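Chain letters run A, B, ... following the sequence lines, proteins first, then strands; residues in each count from 1. The analysis underlying the following values was restricted to heavy atoms, covering all of them including side chains, and did not include hydrogens, waters or symmetry mates. These numbers come from a predicted model, not from an experiment.
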Amino acid sequence: MDPQYHPRAIEPAVQKEWTDSRAFAAPDASPKPKYFCVPMLPYPSGKLHMGHVRNYTINDALYHYLRMKGMNVLFPMGWDAFGLPAENAAMANGVPPAKWTWDNIAYMKKQCQAMGWAIDWSREIATCSPDYYRWNQWFFLRLWEKGVIYRTTGVVTWDPVDMTVLANEQVIDGRGWRTGALVEKREIPMWYMRITQYADELVDSLDGLGWPEQVKQMQRNWIGRSYGVEFTLPYAPQTAARMKDNKAGLKVFTTRADTIMGITFAAVAAEHALATEAARDNPQLAAFIEECRRGGVQEAELATMEKKGMPTGLFVLHPFTKAPVEVWVGNYVLMGYGEGAVMAVPGHDERDFAFAKKYGLEIKRVIDVAGQEYSTDAWQPWYEQAGVNVNSGKYDGMAQAAAIDAVSADLAAMELGTKRVQYRLRDWGISRQRYWGTPIPIIQCGQCGDVAVPDAQLPVVLPEDLVPDGSGSPLAKSPAFYECQCPKCGGPAKRDTDTMDTFVDSSWYFMRYACPDANSMVDERADYWMPLDMYIGGIEHAILHLLYARFWTKAMRDMGLVKADEPFANLLTQGMVLNHIFSRRTAKGGVEYFSPEEVDLAMDAEGKVAGAKLKADGSAVDYDGIGTMSKSKRNGVDPQDMIERYGADTARLYVMSASPPTDTVLWSDESVEGSFKFLKRLWKMVHDHLEGGRVERYVSPSPLGEGRGEGQLSKPLADLRFKLHKTIAKVGDDYGRRLQFNTAIAAVRELLNLYLDGQDKDPAARAVAQEVLEDSMLMLGPIVPHIATALWNELRPGTRLIDQSWPAVDKAALVQDSIRLMLQVNGKLRGHMDVPASASHEEIEAMALADPNVSKFMEGKPARKVIVVRGRLVNVVV
RNA sequence: GCCGGGAUGGCGGAAUUGGUAGACGCACGGGACUCAAAAUCCCGCGGUGGCAACAUCGUGGGGGUUCGAUUCCCCCUCCCGGCACCA
């Protein structure tokens with residue numbers, strides 16, 4: 001055996017052995033229970049970064065642990081290969097997105113292989129391959145037939161200089177990132193999926209999922225199911241005469257029908273029909289609506305902007321009092337939520353209150369919250385709380401629930417309103433005016449309208465040789481793509497040149513892993529593997545991706561394609577790996593980013609970043625704080641250097657031991673050396689042990705319950721075995737239940753620190769050493785499989801580490817005669833005492849009171865109370 | 001702004017169900033080995049006082065519950081993630 005640890009020699013050799021024996025290929029049927037653990041598939045941005053390394057190493061550790069626990073485990077890998085960065089790269093270097101993407105996939109696959117992850121590569125998929133995206137198209141058409149997909153207009157952000165639709169990411173401070181032009185909103189036709197049809201099930205079935213509670217809470221809040229009343233504020237006569245929408249009034253939705261008597265005005269979105277009508281003879285209002293049209297569409301922007309409004313001069317009537325209520329246009333009313341119109345109750349809604357104060361509108365109090373003062377001078381949080389109605393005529397004295405019931409019953413009797421459930425969730429708009437995505441399989445015919453591409457003509461293949469130039473979609477400029485015949489009438493027609501949101505691709509890829517070669521979207525193998533037993537990925541996907549995938553799975557279930565109700569039975573949301581971000585404005589008004597390696601940092605006295613300069617020319621760059629590693633912000637860290645310098649095992653050990661998987665971490669490789677040192681020491685320990693020849697591992701001769709084998713083993717050896725078996729139990733619990741790998745690694749290090757101390761040469765000691773080393777390889781294998789395999793081959797030649805079972809805990813080694821308790825006086829630690837494991841409560845109490853450390857701090861006072869916590873402590877209260 | 005999360009030594013983190021705060025490691029200091037260095041090994045390492053034993057303070061800030069709070073409750077600050085076209 002080589003006395004030195006040479007990762008560059010052993011890692012490729014171990015990997016070759018795995019590949020040659022197809023060690024990680026999972027069968028689609030097995031007497032063992034299946035375990036399907038999947039990391040969120042990467043976007044092939046060019047290189048792996050530390051976030052990927054963390055993600056896949058966690059998945060890999062679980063793979064190895066559960067395999068040792070006797071399960072048929074599958075760890076697949078794929079590529080989320082469509083998306084915007086490929087188009088940006090194409091614009092930057094003139095390479096077609098397809099070539100860029102496939103080159104990146106090839107490189108990143110090599111990196112994955114060098115990391116030694118237990119991936120079943122026979123199931124690899126790439127979403128940009130026609131074999132995959134044809135099923136996006138096929139399922140799109142099935143959903144369209146069922147009415148789950150429909151077409152309507154939607155709002156997008158428009159760059160008036162590049163004449164193109166912008167992604168939110170491409171808008172910086174209200175301007176296009178390449179042109180610096182002020183962006184505008186535009187309404188265009190788009191395809192939508194009726195995810196709202198599934199809103200109730202998406203909320204209700206969260207309860208049964210083994211997900212982190214905060215993720216479930218985020219999804220509940222996102223869907224935002226609220227129970228309320230929808231009603232109509234009838235048009236006042238002059239307004240009715242002007243409105244040509246055949247409606248009797250303005251429809252609104254409220255969760256606070258109990259406050260209906262507090263209405264002092266109404267507000268509509270700028271895009272609302274009533275606003276449009278009012279603006280026809282009101283240039284000032286028209287200008288205000290135009291102003292509202294400028295600016296972005298992002299919720300964060302809408303929510304933080306100054307609340308502005310303008311009266312329309314049109315009136316509706318209060319449903320009960322028939323008093324005229326003026327309608328305002330408010331920039332804070334969202335056209336996309338509810339009816340795009342709200343009743344305003346400034347007395348009990350914070351936003352309405354601020355609006356009323358600003359424009360001098362009436363504030364009317366109609367709810368009394370017991371014991372709280374009310375004044376219209378300043379908003380107080382309790383104005384929004386439930387209470388008892390006042391100033392509300394017949395509703396006075398009613399509590400909230402009763403008032404809501406009474407109001408909605410009266411509205412119903414007048415045929416003006418009804419109780420209704422409202423969701424914050426909006427339907428999913430999937431059309432993208434981009435090139436590098438799944439073509440929408442629809443043909444627009446002047447005679448027949450929207451016509452489905454016949455199944456036999458699928459897939460509609462995306463041409464791979466186009467290069468986008470930043471102005472509009474290349475598909476829309478490619479007659480070879482869009483010119484076609486109508487499948488119905490045979491006349492000339494035009495393909496839809498939009499592509500699908502890439503969230504479509506990632507909504508079902510995990511099912512395709514089960515049957516990557518199927519001649520249908522999925523086959524019965526998906527029912528074997530689904531649902532995922534563990535899905536692992538970044539917390540940033542807590543809402544959108546996970547919600548879309550849940551919706552899509554349910555839609556597939558309803559189509560009879562799979563049996564699973566939910567895609568992800570358990571979820572581990574990994575914390576983000578952050579790094580510093582540096583940028584600079586370009587002359588055109590856009591933004592360019594610099595990687596941390598290109599920058600020198602200046603720190604202030606508190607250790608905060610005070611400034612940054614480019615290493616190349618010393619020019620100043622802006623420090624944008626820290627954020628997620630990403631290609632677009634150029635702050636990712638490639639693991640390649642670390643692999644080349646220390647090997648994959650060191651990189652794996654380092655990321656796994658540095659922090660628990662769910663923690664957000666600021667990247668630093670300062671202490672990676674320590675992980676490498678540990679592996680060198682591990683190698684040396686096995687080497688030194690084997691210098692004395694191989695021995696059989698120690699087997700406990702003492703039957704259960706007969707002491708810890710004293711008489712057969714010296715105390716240090718018995719202590720070492722106690723530690724070993726404690727460690728096996730702890731590490732198994734950390735891997736299997738807690739999913740906390742850093743503490744598992746620390747526990748093995750503690751064990752091996754003790755091992756060094758207890759080492760000697762007699763046969764019993766060597767047998768125990770063999771036991772400790774063998775079991776340490778089994779415990780570390782999930783984290784550092786290459787070195788563990790290489791050392792296992794030395795310890796147990798002729799057997800394979802990956803065929804071993806998880807080590808059993810020897811209960812005989814864990815029997816203890818005495819227990820150490822801590823002694824407290826008034827909750828402060830004052831000493832320790834050892835008591836027989838069999839001591840009774842009373843005996844322990846007496847021993848504690850007799851202990852000098854305790855009596856010293858009792859200062860002669862009598863014990864008022866003695867608290868004994870079994871196996872832990874005695875606390876004397878004086 | 002809204003929703004979710006976080007803050008513990010110089011640094012990463014541990015303390016799993018309210019029960020010894022700082023496991024394990026990094027950095028640092030001292031020592032051994034060496035002509036020297038690297039590597040390796042040993043010792044120390046939250047603050048204050050003390051030769052020491054030990055005492056005392058200490059888990060972002062403020063308050064509370066409890067025999068006992070890093071852990072539970074209330075308020076606040078800062079940071080991270082998401083906010084529907086980044087993926």
Engineer: If I take atom CD in residue E306(A) and atom P in nucleotide rG1(B), what distance separates them, rounded to the nearest angstrom?
Structural biologist: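 Spelled out: CD on E306(A) to P on rG1(B) is 15 Å.
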Engineer: Scan H541(A) against the nucleic acid and name what it touches under 4.0 Å (heavy atoms): base, sugar-phosphate only, or nothing.
Structural biologist: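 It contacts base atoms.
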Engineer: Do the numbers put R151(A) on top of the ring of Y192(A), so that NZ or CZ is under 6.0 Å from the six-membered ring centre and no more than 45° off the axis?
Structural biologist: no
Engineer: In whole angstroms, how far is the P atom of rC86(B) from the CG atom of L544(A)?
Structural biologist: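 After rounding, the reported distance stands at 9 Å.
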Engineer: Tell whether E670(A) reaches the base of rG12(B) with its side chain through a donor-acceptor pair below 3.5 angstrom.
Structural biologist: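 There is none.
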Engineer: Take L873(A) and A658(A), find for each the nucleotide of RNA chain B with the closest heavy atom, and name the residue whose nucleotide sits nearer the 5' end.
Structural biologist: A658(A)
Engineer: Could you check how far CZ of F676(A) sits from P of rC26(B), rounded to whole Å?
Structural biologist: 14 Å
Engineer: Using atom CG of N753(A) as one end and atom C1' of rC43(B) as the other, report the distance to the nearest whole Å.
Structural biologist: 15 Å
Engineer: Using a distance-only criterion (donor-acceptor N/O pair, under 3.5 Å, no hydrogens), is the base of rU20(B) paired with the side chain of K828(A)?
Structural biologist: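 Result: no qualifying N/O pair found.
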Engineer: Give the ring-plane orientation class for H545(A) versus H541(A), where under 30° counts as parallel, over 60° as perpendicular and anything between as tilted.
Structural biologist: perpendicular
Engineer: When we call it a touch if two heavy atoms are under 4.0 Å apart, what does K730(A) touch: a base, just sugar-phosphate, or nothing?
Structural biologist: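 The answer is base, as K730(A) lies within the cut-off (heavy atoms under 4.0 Å) of a base atom.
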Engineer: Ignoring hydrogens and angles, does a donor from either the side chain of Q170(A) or the base of rC86(B) sit under 3.5 Å from an acceptor on the other?
Structural biologist: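 Check fails, no donor-acceptor contact within cut-off.
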Engineer: Which part of the nucleic acid does P660(A) contact within heavy-atom distance under 4.0 Å: base, sugar-phosphate only, or nothing?
Structural biologist: sugar-phosphate
Engineer: Could you tell me whether R178(A) and D162(A) have a side-chain N and a carboxylate O separated by less than 4.0 Å?
Structural biologist: yes
Engineer: Between K684(A) and E691(A), does any side-chain N to carboxylate O distance fall below 4.0 Å?
Structural biologist: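 No.
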Engineer: Using the P atom on both, measure rC72(B) against rC26(B) and round to a whole Å.
Structural biologist: 31 Å
Engineer: For RNA chain B, whose closest nucleotide is more 5', that of E750(A) or that of N221(A)?
Structural biologist: N221(A)
Engineer: Quick one: label R864(A) by what it contacts on the DNA or RNA (base, sugar-phosphate, nothing), any heavy atom closer than 4.0 Å.
Structural biologist: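 R864(A): no heavy atom of the nucleic acid under 4.0 Å.
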Engineer: Between the side chains of E750(A) and K723(A), is the shortest nitrogen-to-carboxylate-oxygen separation below 4.0 Å, so that they form an ion pair?
Structural biologist: yes
Engineer: To the side chain of A746(A), which of rU20(B), rC3(B), rC24(B) is closest?
Structural biologist: rC24(B)
Engineer: For the pair made of CZ in F678(A) and P in rU40(B), what is the distance, rounded to whole Å?
Structural biologist: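 Value for this atom pair: 14 Å.
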Engineer: Could you check whether T628(A) gets within reach of a base, just the sugar-phosphate, or nothing at all, counting any heavy atom under 4.0 Å?
Structural biologist: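 Contact class for T628(A): sugar-phosphate only.
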Engineer: Whole angstroms only, please: what is the CE-C1' distance between M822(A) and rA15(B)?
Structural biologist: 11 Å
Engineer: Tell me what K684(A) touches on the nucleic acid: a base, only sugar-phosphate, or nothing, going by heavy atoms under 4.0 Å.
Structural biologist: nothing
Engineer: Closest approach to the side chain of Q214(A), judged atom by atom: which nucleotide of rG13(B), rC3(B), rG5(B) is it?
Structural biologist: rG5(B)
Engineer: V665(A) near the nucleic acid: base, sugar-phosphate alone, or nothing, with a heavy-atom cut-off under 4.0 Å?
Structural biologist: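 It contacts sugar-phosphate atoms only.
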Engineer: Looking at rU16(B), rC85(B), rA39(B), which one has an atom nearest to any side-chain atom of M190(A)?
Structural biologist: rC85(B)
Engineer: Using the P atom in both, what is the distance from rU70(B) to rC51(B), to the nearest Å?
Structural biologist: 31 Å
Engineer: With R225(A) as the cation and Y423(A) as the aromatic partner, state whether NZ or CZ is under 6.0 Å from the six-membered ring centre and within 45° of the axis.
Structural biologist: no
Engineer: Measure the distance from CG on L547(A) to C1' on rC83(B) and round it to the nearest whole Å.
Structural biologist: 13 Å
Engineer: Rounded to whole angstrom, note down the P distance from rG58(B) over to rA21(B).
Structural biologist: 12 Å
Engineer: How far does the C1' atom of rA84(B) sit from the matching atom of rU16(B), given to the nearest Å?
Structural biologist: 37 Å
Engineer: Out of rA15(B), rC86(B), rC3(B), which nucleotide sits closest to the side chain of R738(A)?
Structural biologist: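 Comparing rA15(B), rC86(B), rC3(B) against the side chain of R738(A), the answer is rA15(B).
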Engineer: Across the strands shown, which category fits L578(A) at heavy-atom distances under 4.0 angstrom: base, sugar-phosphate, nothing?
Structural biologist: sugar-phosphate
Engineer: What does the 5'-to-3' dot-bracket notation of RNA chain B look like when only Watson-Crick and G-U wobble pairs under 3.5 Å count, and pairs to other strands show as |?
Structural biologist: (((((((..(((......[....))).(((((.......))))).((((....))))..(((((..]....))))))))))))....
Engineer: Between rA84(B), rA87(B), rA14(B), which nucleotide has the shortest distance from any of its atoms to the side chain of L84(A)?
Structural biologist: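 For L84(A), the side-chain atoms sit closest to rA87(B).
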Engineer: Looking across every strand, which nucleic acid part, if any, lies under 4.0 Å from R749(A) by heavy atom: base, sugar-phosphate, or nothing?
Structural biologist: sugar-phosphate
Engineer: With a 4.0 Å cut-off on heavy atoms, is R872(A) in touch with a base, just the backbone sugar-phosphate, or nothing at all?
Structural biologist: sugar-phosphate
Engineer: Which of these nucleotides, rC80(B), rG68(B), rC83(B), is closest to any side-chain atom of N875(A)?
Structural biologist: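 Looking only at side-chain atoms, N875(A) lies closest to rG68(B).
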Engineer: Check every strand shown and say whether K631(A) touches a base, only sugar-phosphate, or nothing at a heavy-atom separation below 4.0 Å.
Structural biologist: nothing
Engineer: When the distance from CE of M576(A) to P of rG82(B) is rounded to whole Å, what number comes out?
Structural biologist: 7 Å
Engineer: Could you please name the option among rC67(B), rG81(B), rC86(B) that lies closest to any side-chain atom of V877(A)?
Structural biologist: rC67(B)
Engineer: When you compare rG62(B) with rA69(B), how far apart are their C1' atoms, in angstrom units rounded to a whole number?
Structural biologist: 16 Å
Engineer: Has the side chain of R681(A) got a donor or acceptor that lies under 3.5 Å from a partner of the other kind on the base of rU40(B)?
Structural biologist: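 Donor-acceptor pair under 3.5 Å: no.
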Engineer: Would you mind checking if R220(A) and E213(A) are paired as a salt bridge, meaning a charged N to carboxylate O distance below 4.0 Å?
Structural biologist: yes
Engineer: Which one, rC41(B), rA87(B), rU20(B), comes nearest to the side chain of Q824(A)?
Structural biologist: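 Taking heavy atoms from C-beta onward, the closest nucleotide is rU20(B).
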Engineer: Can you tell me which nucleotide in rG1(B), rA87(B), rU16(B) comes closest to the side chain of T304(A)?
Structural biologist: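 Of all the options, the side chain of T304(A) is nearest to rG1(B).
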Engineer: What's W428(A) touching, base or sugar-phosphate or nothing? Going by heavy atoms closer than 4.0 Å.
Structural biologist: nothing
Engineer: Any chance the rings of Y132(A) and Y509(A) have centres within less than 6.0 Å?
Structural biologist: no
Engineer: Picking from rA87(B), rU40(B), rU20(B), which would you name as closest to the side chain of H832(A)?
Structural biologist: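 Per side-chain heavy atoms of H832(A), the pick is rU20(B).
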Engineer: If I pick the P atom on rA7(B) and the same atom on rU17(B), what distance separates them, to the nearest angstrom?
Structural biologist: 15 Å
Engineer: Which whole number of Å gives the distance between the P atom of rG46(B) and that of rA53(B)?
Structural biologist: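 Between the two P atoms, the distance is 14 Å.
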Engineer: Considering only the P atoms, how many Å lie between rC54(B) and rC41(B), rounded to the nearest integer?
Structural biologist: 31 Å
Engineer: For side-chain contact (heavy atoms from CB on, under 4.5 Å), just list the numbers for D851(A) and K856(A), CA-CA rounded to whole Å, side-chain angles, deciding distance to a tenth of an Å, and then say yes or no.
Structural biologist: CA-CA 9 Å; D851(A) 192 285; K856(A) 188 167 82 186; over 6 Å; no
Engineer: Touch check for L302(A), heavy atoms < 4.0 angstrom, all strands: base, sugar-phosphate only, or nothing?
Structural biologist: nothing
Engineer: For the CG atom of L166(A) and the OG1 atom of T157(A), what is their distance to the nearest 0.5 Å?
Structural biologist: 6.5 Å
Engineer: Under 4.0 angstrom, heavy atoms only, what part of the nucleic acid is G627(A) near: base, sugar-phosphate, or nothing?
Structural biologist: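 Sugar-phosphate contact only - G627(A) comes under 4.0 Å of backbone atoms but never of a base.
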Engineer: Using the glycosidic torsion, which applies to rG9(B): syn (within 90° of 0) or anti (everything else)?
Structural biologist: syn
Engineer: Can we call the ring centroids of Y654(A) and Y646(A) under 6.0 Å apart?
Structural biologist: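 No, they do not, as the ring centres are separated by 6.0 Å or more.
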Engineer: Cation-pi check for W211(A) against R550(A): NZ or CZ below 6.0 Å from the six-membered ring centre and within 45 degrees of the axis, yes or no?
Structural biologist: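 Judged by the rule (NZ or CZ under 6.0 Å from the ring centre, within 45° of its axis), R550(A) counts as positioned above W211(A).
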